[in-house]
**Student:** 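Take a look at this one; I'll ask things after.
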Amino acid sequence: MGAAMRRIQAGNALSAFGLGFTVPYLYVYVAQVRDLGATTAGVVLAVFAMAALVVLPFTGRVIDRRGPLPVLVGAAVLASAGALSMGFASSVPAAVASAALLGAGTAVMQPALATMIVWCSGPATRTRAFAMQFFLQNLGLGIGGLIGGQIVDESHPSSFTLLFSVEAVMFLVLAGIAGSVKMPRSAVLSDARPKGEQGAGGGIRTILGHRAMVQLCVLGFVLFFACYGQFESGLAAYGTEAAGIQPSTLGIALAANTAVIVVAQFLVLKFVERRRRSRVIASVGLIWAVAWIAAGYAGHGSQAMATAAFISTYALFGLGEAMLSPTVAPLVADLAPESMVGQYNSAFALVKQLALAVGPAVGGPMGAALHGPYIVTFVLFSLGITFLALRLGKKLTLAQDHPMLAATSRVVAVHKPEQAPANA
């Protein structure tokens, strides 16, 4: 990695470390520590998600016009203000306003960071760059959560103030590191549109007119809906209600998920790089179908086997995530015209946020009450991922679907053996 990429990745890891301090404890903090009630805690979490849905549609254009660097710095400062104010929020209006600032800031950071990684990498290095980003995010979240768990004390609100203060400082550190990055590319890029697609006027029209990008967004929604949207809602409800899993086991399952990602990320990288991206995503659908079947078994076996099966479900999800991280984000970047990288990243981040909002609303009640239909539904969603990925592969060029093979083909084409001169 170059110096710019190293700084971006370091800032990314430190901000994830700060998030890990507070993400697992936000509900408990609002509902119990500040004694604002479960309803207020639900509203705060909803505002956190809705703030992202409000700002993301406008983020892409700003990134493409002003560059990702000032957007990232501004978003980090905004998130820092939200985190700090949350640490002192003792009333409903203060908690809601803090959640809005924090949600908006962290949402904008995602496409800004992704665009900076795109600008600081090429087709040959982009896969590994995004794999490193995902690895460091999970490592930072895991370490932050572990340390935060040792600090937090429900009987002392000051311990939560400390957690949110650490998070606020980490966001400012990200802003400082990002501000020192010298971007290798100009913010003014040449205009280009996807070949063979009809796009008028740029923006949302161009994205909606780009069939491969639309298919990727549909696929992305199903991916996030069937995995991340179920982690802390439907799957947790199913585990505790149908499988009799202890709440403490949920923490072990999440730890297993993170451990698999950290261990497997670079072990699967060569496998991913040497295969078509669409087929890698298709294989993730099959892996997750097996994960959901294991979860279904957890609802019918003995307690020990149910626990093992439930933890295995989260571990299999982690394996799929490790395969997706160097695949999906680089594909979004390779589909985007140079002048619209920020808008494409923001559009995909918006799809992800929608899935994370809809997933718990649908999966939570099903996982708690409709145990059999819940498992069958998400096995079918996982198989749907495989179908959609293979269908998307037909719309991709070789450079988009298999950049390593495309690069090899270009090298062979350029370096042809010279013919011997004909004898006179």
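No experiment lies behind these values; they were computed from the predicted model shown.
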**Student:** With a 6.0 Å cut-off (strictly less than), is the heavy-atom count around CZ of Phe266, excluding the residue itself, greater than 12?
**Tutor:** yes
**Student:** Side-chain donor-acceptor pair under 3.5 Å between Gln110 and Asn345, yes or no?
**Tutor:** no
**Student:** Could you report the tightest heavy-atom contact between Val118 and Ala333, atom names first, then the distance?
**Tutor:** CG2-CB, 3.3 Å
**Student:** Distance-only, no hydrogens or angles: does the Thr313 side chain make a donor-acceptor pair with backbone N or O of Ala291 under 3.5 Å?
**Tutor:** yes
**Student:** How far does CZ of Phe317 sit from CG of Leu324, to the nearest 0.5 angstrom?
**Tutor:** 11.0 Å
**Student:** Under the ring-ring contact (aromatic ring centres under 6.0 Å, His included) criterion, do Phe348 and Tyr344 qualify, and how do the steps go?
**Tutor:** CA-CA 6 Å; Phe348 197 76; Tyr344 272 57; over 10 Å; no
**Student:** How far does CD of Gln343 sit from CG of Leu56, to the nearest 0.5 angstrom?
**Tutor:** 13.0 Å
**Student:** Using the rule given for side chain to side chain contact (heavy atoms under 4.5 Å, CB included), can you reason through Phe17 versus Leu141, listing the C-alpha separation, both sets of side-chain angles and the distance that settles it, and then say yes or no?
**Tutor:** CA-CA 5 Å; Phe17 174 72; Leu141 284 169; over 6 Å; no
**Student:** Angle class for the Trp292/Phe378 ring planes (parallel below 30°, perpendicular above 60°, tilted otherwise)?
**Tutor:** parallel
**Student:** Look up atom CG in Leu331 and atom CG in Leu216, then write down how far apart they are to the nearest 0.5 Å.
**Tutor:** 5.0 Å
**Student:** How close do Gly320 and Val284 get, counting heavy atoms only, and between which atoms?
**Tutor:** O-CG2, 3.7 Å
**Student:** Quick check against the 3.5 Å criterion: does Asp401 have a side-chain atom that pairs as donor or acceptor with the backbone of Leu396?
**Tutor:** no
**Student:** Looking at side-chain heavy atoms only, is the closest gap between Met109 and Ser15 below 4.5 Å?
**Tutor:** yes
**Student:** Taking the side chain as everything from C-beta on, heavy atoms only, tell me whether Val92 gets closer than 4.5 Å to Val43.
**Tutor:** no
**Student:** Which residue, Leu163, Ile143, Leu162, forms the side chain to side chain contact (heavy atoms under 4.5 Å, CB included) with Phe21?
**Tutor:** Leu163
**Student:** Between the side chain of Tyr29 and the main-chain N/O of Gly87, is any donor-acceptor distance below 3.5 Å?
**Tutor:** yes
**Student:** Within a strict 4.5 Å, meaning less than it, do heavy atoms of the Val44 and Met86 side chains meet?
**Tutor:** yes
**Student:** Are the side chain of Thr59 and the backbone N or O of Val55 linked by a donor-acceptor pair below 3.5 Å?
**Tutor:** yes
**Student:** Taking all atoms of both residues into account, what is the closest heavy-atom pair of Leu319 and Ala264, and its distance?
**Tutor:** CD1-CB, 4.4 Å
**Student:** What's the spacing between Asp35 CG and Thr40 OG1 if we round to 0.5 Å?
**Tutor:** 10.0 Å
**Student:** With rounding to the nearest 0.5 angstrom, report the CZ to CG distance, Arg211 to Leu392.
**Tutor:** 13.5 Å
**Student:** Measure up the Phe221 and Phe225 rings against each other and bin them: parallel (under 30°), tilted (30 to 60°), perpendicular (over 60°).
**Tutor:** parallel
**Student:** In sequence, state the C-alpha distance, the side-chain angles, and the governing distance for Ser165 and Leu84, and then conclude on side chain to side chain contact (heavy atoms under 4.5 Å, CB included).
**Tutor:** CA-CA 5 Å; Ser165 298; Leu84 188 62; 3.9 Å; yes
**Student:** Working note: Thr127 + Glu273, criterion side chain to side chain donor-acceptor pair (under 3.5 Å); need CA distance, chi angles, decisive distance, verdict.
**Tutor:** CA-CA 7 Å; Thr127 295; Glu273 286 181 321; 5.2 Å; no
**Student:** Phe130 and Phe134: aromatic ring centres closer than 6.0 Å?
**Tutor:** no
**Student:** Answer whether the closest heavy-atom distance between the side chains of Ile117 and Met132 falls below 4.5 Å.
**Tutor:** no
**Student:** Determine, step by step, whether Phe88 and Phe164 satisfy the ring-ring contact (aromatic ring centres under 6.0 Å, His included) criterion, reporting the C-alpha distance in whole Å, the side-chain angles of both residues, the deciding distance to 0.1 Å, and the verdict.
**Tutor:** CA-CA 9 Å; Phe88 293 94; Phe164 283 105; 9.7 Å; no
**Student:** Quick one: closest heavy-atom pair of Ser85 and Ser98, and the distance?
**Tutor:** OG-OG, 2.8 Å
**Student:** If you apply the rule side chain to side chain contact (heavy atoms under 4.5 Å, CB included), what do you find for Leu19 with Phe171, and how did you get there?
**Tutor:** CA-CA 9 Å; Leu19 274 170; Phe171 285 137; 4.0 Å; yes
**Student:** Without swapping roles, check the side chain of His402 against the backbone of Arg277 for a donor-acceptor pair under 3.5 Å.
**Tutor:** no
**Student:** Answer yes or no: is there a donor N or O on one side and an acceptor on the other, between the side chain of Asp64 and the main chain of Gly342, under 3.5 Å?
**Tutor:** yes
**Student:** Does any N or O in the side chain of Asn12 come within less than 3.5 Å of the main-chain N or O of Gln133, such that one atom is a donor and the other an acceptor?
**Tutor:** yes
**Student:** Do Met170 and Ser80 have side-chain heavy atoms sitting under 4.5 Å apart?
**Tutor:** no
**Student:** Quick check: does any side chain N or O of Arg275 sit under 3.5 Å from a backbone N or O of Phe271, one acting as donor and the other as acceptor?
**Tutor:** yes
**Student:** Is there a donor-acceptor pair under 3.5 Å between the side chain of Arg126 and the backbone N or O of Ser121?
**Tutor:** yes
**Student:** Is the shortest side-chain heavy-atom distance between Ile281 and Leu388 below 4.5 Å?
**Tutor:** no
**Student:** Closest heavy-atom contact between Ala282 and Ala389?
**Tutor:** N-CB, 3.6 Å
**Student:** Quick one, Asn257 with Glu321, criterion side chain to side chain donor-acceptor pair (under 3.5 Å). Give me CA distance, side-chain angles, the key distance, then yes/no.
**Tutor:** CA-CA 9 Å; Asn257 174 265; Glu321 292 173 71; 2.8 Å; yes
**Student:** Please find the pair of heavy atoms, one from Leu69 and one from Gly179, that lie closest to each other, and give the distance.
**Tutor:** CD1-N, 4.2 Å
**Student:** Nearest 0.5 angstrom please: Gln353 CD to Leu53 CG, how far?
**Tutor:** 5.5 Å
**Student:** Go through it in stages, so that I can follow the logic: the residues are Ser382 and Leu286, the test is side chain to side chain contact (heavy atoms under 4.5 Å, CB included), and I'd like the CA-CA distance, side-chain angles, deciding distance and then a yes or no.
**Tutor:** CA-CA 7 Å; Ser382 299; Leu286 297 177; over 6 Å; no
**Student:** Quick check: does any side chain N or O of Arg34 sit under 3.5 Å from a backbone N or O of Ser91, one acting as donor and the other as acceptor?
**Tutor:** no
**Student:** Any side-chain heavy atom of Met305 sitting closer than 4.5 Å to one from Tyr297?
**Tutor:** yes
**Student:** Taking C-beta and beyond as the side chain, do Trp288 and Val379 meet within less than 4.5 Å on heavy atoms?
**Tutor:** no
